[in-house]
Amino acid sequence: MAGPASLYLDPQIRDWVLFPITLVMILVGILRHYVVILLQSPPKKLPREAVREQRALTRSQVLRATSANSPIPPTYYKSISRHLYDAFEAGTYLKDGPPREGEAPKGPPNPMTDPAAMDGMMAGMKTQMVMMVPQMVIMGWINFFFQGFVLIKLPFPLTLGFKSMLQRGIETTDMDVRWVSSLSWYFLNFFGLNGLYRLILGGDNSADSSRDMNANAFAAPQAAGPQDFGKLFKAEKDNLEFAEGSYTWVGDGVEDRVLQRYGKA
Amino acid sequence: MMALMSLATALDQLSTFRTNNSRSSQETFKHASVIIKSSQKIGDDGWAVLEQLFLAAVDIGRLDVADECLKQLSTQFPDSPRVEVLTGIRMEATESPDVVLQYYNGLLEADSANAAVWKRKISVLRRTGKVEKAVEELSQLLDTIYTDVDGWLELADLYASCNQYTQALQALSHVLLLASQNPFYFQQYAETAYTAGDLPLALKYHLIVVDMCERDLDDIKTTPPTGLAVRAWMGVKLCARRIILHSPPSASGTAIPKSINVIEQLATERVLAAYSSSKRDKSAMNREVVVSWVGAR
């Protein structure tokens, strides 16, 4: 270890390397945010039948939610519950109508052949490209021009464990860990600028790229992707039967509750 | 400074109107005109104000102002479905219903699940007396978008206007499922059941309203009922009296409570308690009417 002032940094490094890297990364993040906004296609309009199919489950969920203390009297509850049960059984709410006799039930559509799913995937890939390309370019730029540069000295001491984090691209073993290399400065910015973006662009921005590192273009559409409503409806039938078993009407014994409160029971 | 102050209050007032969904067209028109005239930058809120001003202007018949608003809105948002609905509303003000219906049908063809347009169409149908068609469309709308409480209320109202109270009760039971925290809907259900002639059911629902309204009273025996509770107690009294006299059947199979006589007495007490204030003004007269009604058999 050398003395207190082992290394002097040229102020020009600060002016022409440190600040430009930071500035470029901030600007690229902001640019990306707006490019992503531009690329976003408007949500696709669903036809009536599709909306109906999507929301059919809410009906029974709403009914079930209060079934233990239901606001509606038994006859009405039963008729709604029966109606939904039969409709789920027959597949009335399916987008393409109830399945015909002898027709094999269709599995979930293949995302590669279904144009609707394909669109969603393309949108995911497009944003993904906007995320990845500029980062690769910046990294290439830093690697090409500023490889092995030491940019900044942290004002506090650190343990040796930080060496691989702060001195990436500089293969020396005996430099003080407080010195930060250009590539490490890039990574620090890459992961650390999100707070600044949130300040500039608001909470729901798409400028931060570190977030996308672990998300890939295919995972997102598949999670929210094509659902087999036929199966969901079949499962909901059982839930309806359970709920019917636990049904009580809020009007049961309401007169006793009121009378009791007035001490007349 | 004064201008700034009034601008701030006007904006404040308008946003309260927006959140509370209150109509108050005259007020809205006054406040919004202040804001528009002040011609200051008010950001994105300005477009909401413009929409509000448009609706208020149509409501009070200032179509010139409405046209100006609509022009600005449609230049800012050329293909917005929301502006399309506003255009439809503007057409409803002057064009014949057939033209408007045609316009709405065209919009629905482009986007069949646009609930706002669909509802406008239903309201035009109802207004022009095609109740049957309106009921049909509204049922279809609710079949698609189940969670629309206002839609169910409108359907119940449509049925009630045709004296089909059982169907109205069915529609209202969906309202209760969707908004089971609102005692006013229960009260509506109770009164519809009463009109339908299902007295035991009406009694039950009046009691549920009472139960909901007076749940948080500390000293329940001495506090007179207020607000909705008075109406509910009167309903209890009315139903209980008629049940004791006639013991009517219930279409929904609701049993008549065993303690019906005690309930009737309690209801009498509560109704009288609500009108027992010692003030000597109009309430004295009201009290006499209520006392004679309560005493009458």
Side-chain angles (χ1 to χ4, degrees), chain A residues 42-84 87 92-95 202 240 243 247-265, chain B residues 79 81 108 110-115 118 140-141 143-147 169-170 172-181 185-186 189 193 198 200-201 203-212 214-215 217 220-221 236 240 250-255 257-260 262-263 265-267 269-270:
Chain A
K44 278 204 4 189
K45 284 171 182 161
L46 287 169
R48 249 174 225 188
E49 290 74 23
V51 175
R52 182 164 172 256
E53 182 185 65
Q54 263 183 9
R55 305 205 178 174
L57 279 180
T58 5
R59 300 163 153 251
S60 86
Q61 278 158 3
V62 166
L63 185 71
R64 283 193 293 118
T66 51
S67 78
N69 220 341
S70 182
I72 61 174
T75 41
Y76 290 94
Y77 184 92
K78 287 244 167 57
S79 73
I80 296 175
S81 180
R82 282 288 112 194
H83 171 77
L84 283 174
T92 319
Y93 290 120
L94 288 178
K95 185 166 53 183
L240 269 178
Y247 164 81
T248 53
W249 181 31
V250 72
D252 284 334
V254 64
E255 62 276 353
D256 298 331
R257 285 204 298 278
V258 173
L259 286 176
Q260 202 164 24
R261 193 171 302 146
Y262 288 94
K264 306 251 175 165
Chain B
D79 291 321
L108 282 176
D111 177 14
S112 61
N114 188 338
W118 205 349
Q140 214 187 343
L141 170 90
D143 188 45
T144 311
I145 305 159
Y146 177 74
T147 46
L169 276 182
Q170 275 165 2
L172 281 176
S173 64
H174 289 287
V175 173
L176 293 190
L177 282 175
L178 288 167
S180 48
Q181 71 283 13
Y185 296 152
F186 281 87
Y189 194 96
D198 197 338
L201 189 67
L203 176 74
K204 284 273 192 184
Y205 273 89
H206 278 125
L207 282 168
I208 293 173
V209 178
V210 166
D211 195 26
M212 286 171 97
E214 301 195 332
R215 182 163 293 168
L217 289 185
I220 198 157
K221 283 175 195 160
V236 172
S250 163
S252 62
T254 313
K258 288 192 196 72
S259 46
I260 181 79
V262 192
I263 291 171
Q265 280 168 17
L266 179 63
E269 279 172 30
R270 294 298 289 168

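Both backbone and side-chain heavy atoms feed into the values below; hydrogens, waters and symmetry mates do not. To find a chain, count down the sequence lines: A is the first, B the second, and so on, and within it residues start at 1.
- Only the side chain of A:Tyr93 comes within less than 4.5 Å of a heavy atom of chain B; its backbone N, CA, C and O stay farther away.
- Between chain A and the options B:Leu178, B:Val236, B:Ile260, the largest number of non-hydrogen pairs under 4.5 Å is found for B:Leu178.
- Looking at A:Ser79, there are no atoms closer than 4.5 Å to chain B (heavy atoms on both sides), in backbone or side chain.
- Contact check for A:Arg55 versus B:Tyr146: no side-chain heavy atoms found under the 4.5 Å cut-off.
- Counting only heavy atoms from C-beta outward, the side chains of A:Tyr77 and B:Ser173 never approach each other to under 4.5 Å.
- Residue B:Tyr205 touches chain A through its side chain alone, counting heavy-atom pairs closer than 4.5 Å.
- Top candidate by heavy-atom pairs under 4.5 Å with chain A, chosen from B:Ala110, B:Ala255, B:Gly253, B:Ser252, is B:Ser252.
- Heavy atoms closer than 4.5 Å to chain A are found in the side chain of B:Glu269, but not in its backbone.
- When B:Asp143, B:Asp211, B:Ile263 are compared by the number of non-hydrogen pairs under 4.5 Å with chain A, B:Asp143 comes out ahead.
- With rounding to the nearest 0.5 angstrom, the CZ atom of A:Arg59 is 10.0 Å from the OG1 atom of B:Thr147.
- Neither the backbone nor the side chain of B:Leu203 comes within less than 4.5 Å of any heavy atom in chain A.
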Step by step, work out the side-chain contact (heavy atoms from CB on, under 4.5 Å) result for B:His174 and A:Ile80. CA-CA 9 Å; B:His174 289 287; A:Ile80 296 175; 3.6 Å; yes
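- Summarising the geometry, atom CD belonging to A:Gln61 is positioned 13.0 Å from atom CG belonging to B:Leu177; distances are rounded to the nearest 0.5 Å.
- For B:Leu201, the part sitting under 4.5 Å from any heavy atom of chain A is the side chain, from C-beta outward, and nothing else.
- With respect to chain A, the highest number of heavy-atom pairs below 4.5 Å among B:Asn114, B:Val210, B:Leu169, B:Leu172 belongs to B:Leu169.
- The contact between A:Arg257 and chain B is made entirely by side chain atoms (from C-beta outward), counting heavy-atom distances below 4.5 Å.
- Salt-bridge formation is detected for the pair A:Glu255/B:Lys204: a Lys NZ or Arg NE/NH1/NH2 atom is positioned less than 4.0 Å from an Asp or Glu carboxylate oxygen.
- In this structure, A:Asp256 CG and B:Ser259 OG are separated by 5.5 Å, a value rounded to the nearest 0.5 Å.
- Judged by distance alone, with hydrogens and angles left aside, the side-chain atoms of B:Ser112 form a donor-acceptor pair with the main-chain N or O of A:Arg48 at under 3.5 Å.
- Applying the side chain to side chain contact (heavy atoms under 4.5 Å, CB included) criterion to A:Asp252, with sequence neighbours excluded, gives A:Trp249.
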Test log, rule side-chain hydrogen bond (donor to acceptor under 3.5 Å, both in side chains), inputs B:Arg270 and A:Tyr262: CA-CA 10 Å; B:Arg270 294 298 289 168; A:Tyr262 288 94; 3.0 Å; yes
